[in-house]
There are 2 protein chains.
Amino acid sequence: MPSGGTVEKALDILYCLHESQAPLGVTQIGRSLSLPKSTTYRLLAALGRRGLVDRDPRGRYQPGMALVTLASGLLERDPVVVAARPVLEEQARARGETIFLAALRSGRILVLDKEEGSGFLRAAPRVGTELPVYATAIGKLYLALAPDAVSLPEGPIHAFTPLTCLPGPALDRELARVRSQGWASNLDEWILGLTGLAAPVLQAGRLVAAVAVAGASSRLPPREHGRFVQEILAAGRAIAERLEGRVA
Amino acid sequence: MPSGGTVEKALDILYCLHESQAPLGVTQIGRSLSLPKSTTYRLLAALGRRGLVDRDPRGRYQPGMALVTLASGLLERDPVVVAARPVLEEQARARGETIFLAALRSGRILVLDKEEGSGFLRAAPRVGTELPVYATAIGKLYLALAPDAVSLPEGPIHAFTPLTCLPGPALDRELARVRSQGWASNLDEWILGLTGLAAPVLQAGRLVAAVAVAGASSRLPPREHGRFVQEILAAGRAIAERLEGRVA
DNA sequence: TAGGATTGTTCCAGATAATAGAATAAGATC
DNA sequence: GATCTTATTCTATTATCTGGAACAATCCTA
């Protein structure tokens, strides 16, 4: 709420529109960001002049297609994404489960790419989605292996499910285990019924990204974790090797 | 250049970074937008705080992954895109050439979706790309059928190729023909060797989008235009019908 | 390795441009 | 058709942005 300058207020409006998933009016936006109507209106006009917000037939605001323009080509230019693509494809085909890549970008852990599994019931993350830092296998990997790079969200921390492991002694023990074993897991802690197993992509000992296999918990039962973990660890190493140019 | 307020300057920086296709320094950005270094620096910092710009290892700036986040889900939410998807797939499969959908969004004609053909040599437009209003089949369709909605670019108008038809009497005659025949063509006017044939998507008589087939001019010779035009006109009608909910 | 040039970052007084309240217009609701 | 809500415009005030200049870091060249 105590936002910075004018530009940041305008960008907060974009995030607000993105999160709402539905067109919003001036008043509504102003309320959720604690901005006066007239200010909100003017900022929306500025965003609209550059195409970053559109208006539906009723005059309400929604994210504009210029965002698609500005985002186009971004992923293809990211070395990690380029290095990971064939590995994701191969893994998803071999395992039949969804494999995805995430990394830290401007303080958030974002899904950078994915290859969906072949099951009728499968995880289908959306590229660009932000992952919560606790309550996620990849998030825990970052907390354990690159604690200075990530930070807990500002607001009050809530449990996503009854199984969410909130920050505290229990999470600290979990992170210690992650550090020693070199991979992380998430069993129904973010979304009920969803299991994730994550492995690091290390470059010169530093965590530059993470790969994870995700699927219905019923399809990834604990007794099979061992096999999946070996695969995903290998995938993380393969991506790291491709990043360093050892493999064409 | 004579930009508006603070927010618009910041957004111009985003466009500048997008167009450059390579990371840029503060000085470089400031020069291309005629902004003082310190202003550029401060705006970049604001954009960075919200993840809209990232920095490469050398400290230079590039569009940030938050753009991917903000753009995610946008296309899937657009009714025209949803209605067009299966039509694009069917047409591309049947014809073997690339079919794409474009529409006017915030004053620009943007590629909203595409389905690539199967040829080794084929058009591969990028979703989000802006199409020039003259020199493009879809652009001409808009100039002819919705002249009030589109406007020529501000700066000096240049010919993309020796065959580009610049605004003037010749283009006016061309637009009259487009109006009477109900479709538009572009033969090497935008990119040498690229032919496009476009048909309107009409809703209540208003142009709401356009479909086009695009490919190497050698694969779309004039004597075969007739067949392609029929197909693309049918595709435009099919999309319009799906838009009005007549077809599930 | 040192010198010179370019680039990135910080600072601050001054002025522009953003702010927020209130008034008006448009639209929805009953 | 009256009353509510919401969108848009207006304006005085002042907070915030500006941009020149100084400083620091970096790169290039000799």
Side-chain angles (χ1 to χ4, degrees), chain A residues 1-64 105-107 148-149 204, chain B residues 1-64 105-107 148-149 204:
Chain A
M1 266 128 280
S3 41
T6 311
V7 173
E8 272 153 284
K9 283 179 209 160
L11 301 181
D12 286 341
I13 289 180
L14 282 183
Y15 277 102
C16 176
L17 288 172
H18 173 71
E19 281 158 26
S20 100
Q21 297 279 83
L24 254 40
V26 175
T27 311
Q28 240 168 328
I29 299 168
R31 251 201 296 274
S32 34
L33 299 175
S34 311
L35 290 174
K37 271 196 306 188
S38 57
T39 299
T40 310
Y41 180 77
R42 217 169 11 76
L43 294 175
L44 280 165
L47 290 167
R49 253 170 267 135
R50 289 296 183 273
L52 286 257
V53 302
D54 269 341
R55 315 193 57 174
D56 72 1
R58 279 182 225 161
R60 292 173 313 181
Y61 297 85
Q62 56 190 54
R105 292 293 128 95
S106 344
D148 299 333
Chain B
M1 270 128 280
S3 42
T6 313
V7 172
E8 273 152 285
K9 282 180 209 158
L11 300 180
D12 287 340
I13 290 180
L14 282 183
Y15 277 101
C16 175
L17 288 172
H18 174 70
E19 280 156 27
S20 98
Q21 297 280 81
L24 254 40
V26 175
T27 310
Q28 242 169 325
I29 298 168
R31 251 201 295 274
S32 32
L33 298 175
S34 310
L35 290 174
K37 271 196 309 185
S38 56
T39 300
T40 310
Y41 179 76
R42 219 164 14 76
L43 294 175
L44 281 166
L47 290 167
R49 253 170 268 135
R50 289 296 182 272
L52 286 260
V53 302
D54 269 342
R55 316 195 56 173
D56 73 359
R58 279 182 226 160
R60 291 173 313 180
Y61 295 86
Q62 55 189 55
R105 293 292 130 97
S106 347
D148 299 333

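Naming: A, B, ... by sequence-line order, numbering from 1 per chain.
If you measure from atom CD1 of A/Ile29 to atom C1' of D/dA7, you get 12 Å, rounded to the nearest angstrom. C/dT7 atom P lies 15 Å from atom CG of B/Asp56, rounded to whole Å. A/Ile13 places its CD1 atom 14 Å from the C1' atom of D/dA7, with the value rounded to the nearest Å. One can place CG of B/Leu44 at 12 Å from P of D/dT18, the figure rounded to the nearest angstrom. Rounded to an integer number of Å, the gap from CG of A/Leu24 to P of D/dT6 is 12 Å.
Checking each of A/Thr27, A/Val26, A/Leu33 against A/Ile29 for a side chain to side chain contact (heavy atoms under 4.5 Å, CB included) leaves exactly one that passes, namely A/Leu33.
Of the candidates C/dT9, D/dT8, C/dT19, the closest approach to any side-chain atom of A/Tyr41 belongs to D/dT8.
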Exercise for the section: Mark up nucleotides 20-30 of chain C, 5' to 3', with B wherever a protein heavy atom is under 4.0 angstrom from a base atom, S wherever such an atom reaches only the sugar-phosphate, and - elsewhere. Expected result: BB---------
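Here CG of B/Asp54 is found 11.0 Å from CG of B/Leu47. Values are rounded to the nearest 0.5 Å. Between B/Leu17 atom CG and B/Gln62 atom CD the span is 8.5 Å, to the nearest 0.5 Å. The CD atom of A/Gln28 lies 8.0 Å from the CZ atom of A/Arg60; values are rounded to the nearest 0.5 Å. Note that the CG atom of B/Leu14 and the CG atom of B/Leu43 stand 10.0 Å from one another [nearest 0.5 Å].
Under 4.0 angstrom from either OP1 or OP2 of D/dT5 there lies no side-chain N or O belonging to A/Thr27.
Under the 3.5 Å distance criterion, the side-chain polar atoms of A/Tyr61 are left unmatched by any main-chain donor or acceptor of A/Ile13.
Looking at heavy-atom distances under 4.0 Å, A/Arg60 makes no contact with the nucleic acid at all.
Mapping A/Val7 and A/Tyr61 onto DNA chain D via the closest heavy atom, the residue that lands nearer the 5' end is A/Tyr61.
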